Amino acid sequence: MNKILVFILFAMFPIVYANPDYADCLLYNINTSITNVTFTPDPPSPLGLPLLFNYSISGISPTTTSTSLFVEFFTENSNSPFDAHIIQVPSNVTELNLTDLYVSMPILTNSYLIMFALVDDSIGYINCVTFPHFSSSPSN
Ligand SMILES: *[C@@H]1O[C@H](CO)[C@@H](O)[C@H](O)[C@H]1NC(C)=O
Ligand SMILES: *[C@@H]1O[C@H](CO)[C@@H](O)[C@H](O)[C@H]1NC(C)=O
Ligand SMILES: *[C@@H]1O[C@H](CO)[C@@H](O)[C@H](O)[C@H]1NC(C)=O
Ligand SMILES: *[C@@H]1O[C@H](CO)[C@@H](O)[C@H](O)[C@H]1NC(C)=O
Ligand SMILES: *[C@@H]1O[C@H](CO)[C@@H](O)[C@H](O)[C@H]1NC(C)=O
């Protein structure tokens, strides 16, 4: 059922510039639109090497106070990330265009999911996108 839902929502947001095989965050009960994230290398580099990424979003509410980009890594069947990075970004803006950010790769397995989520102290989740690389995913 989740897969059907994910497929329907995926089909509703076709205008996204992102790495292939992206999805929304409904698996984690986060219901937002999806935005532009590109990262390299894909598939990610070995443990400890940087995962470089660009993130852009426009048309968001400017009424933010403290805003962060969360980069989180999940294993399959877990709702808690095993690794999380919180990057403070400018607040009170209506668009962001962040290039050449990086986090250190924590990946030990080839079955994982990367989540990029823009989170604001007062608003909560503004935007969220995932890149599932679970070994059981049909798309991999
Ligand atoms: C997600 O949010 C949209 C807009 O608020 C709503 O129409 C949709 O039903 C929500 N989906 C889920 C699974 O909660
Ligand atoms: C990020 O943007 C910069 C500048 O536009 C570009 O050179 C780089 O290739 C982009 N990186 C990714 C991972 O898309
Ligand atoms: C993604 O990037 C494109 C091209 O820059 C832009 O037109 C679009 O509005 C962006 N999508 C979001 C959700 O910000
Ligand atoms: C947010 O931005 C608006 C317009 O640039 C400015 O007038 C306002 O003072 C800013 N608010 C905060 C809390 O920085
Ligand atoms: C983001 O910045 C890069 C590098 O300056 C630029 O190439 C790109 O068009 C910008 N994207 C948006 C949506 O402003």
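Since the model is a prediction, treat every value here as computed from it, not as a measurement. Both counts, for ligands and for their atoms, begin at 1 and track the order of listing. Heavy atoms only: backbone and side chains are in, while hydrogens, waters and symmetry mates are out.
Distances from atom 7 (O) of ligand 4 to the protein include no heavy-atom value under 4.0 Å. In this structure, atom 4 (C) of ligand 4 is not in close contact with the protein, since no protein heavy atom lies within 4.0 Å of it.
Remark: ligand 2 atoms within the under-4.0 Å shell around heavy atoms of Thr40 are 13 (C).
In this structure, the separation between OG1 on Thr130 and CG on Leu113 is 4.5 Å, given to the nearest 0.5 Å.
Protein heavy atom closest to atom 11 (N) of ligand 4, with residue, atom name and distance, is Asn92 ND2, 2.8 Å.
Aromatic ring orientation, Tyr112 versus His133: parallel (interplanar angle below 30°, classes split at 30° and 60°). Ring geometry, Phe74 versus Tyr28: the interplanar angle falls from 30° to 60°, so the pair is classed tilted.
Of the polar atoms of Thr38, at least one N or O is found under 3.5 Å from an N or O of ligand 2, judged by distance alone.
Partner Met115 forms a side chain to side chain contact (heavy atoms under 4.5 Å, CB included) with one of Val129, Val37, Ile30, Val71 and no other, that one being Ile30.
A side-chain N or O of Thr67 and one of Asp120 form a donor-acceptor pair less than 3.5 Å apart.
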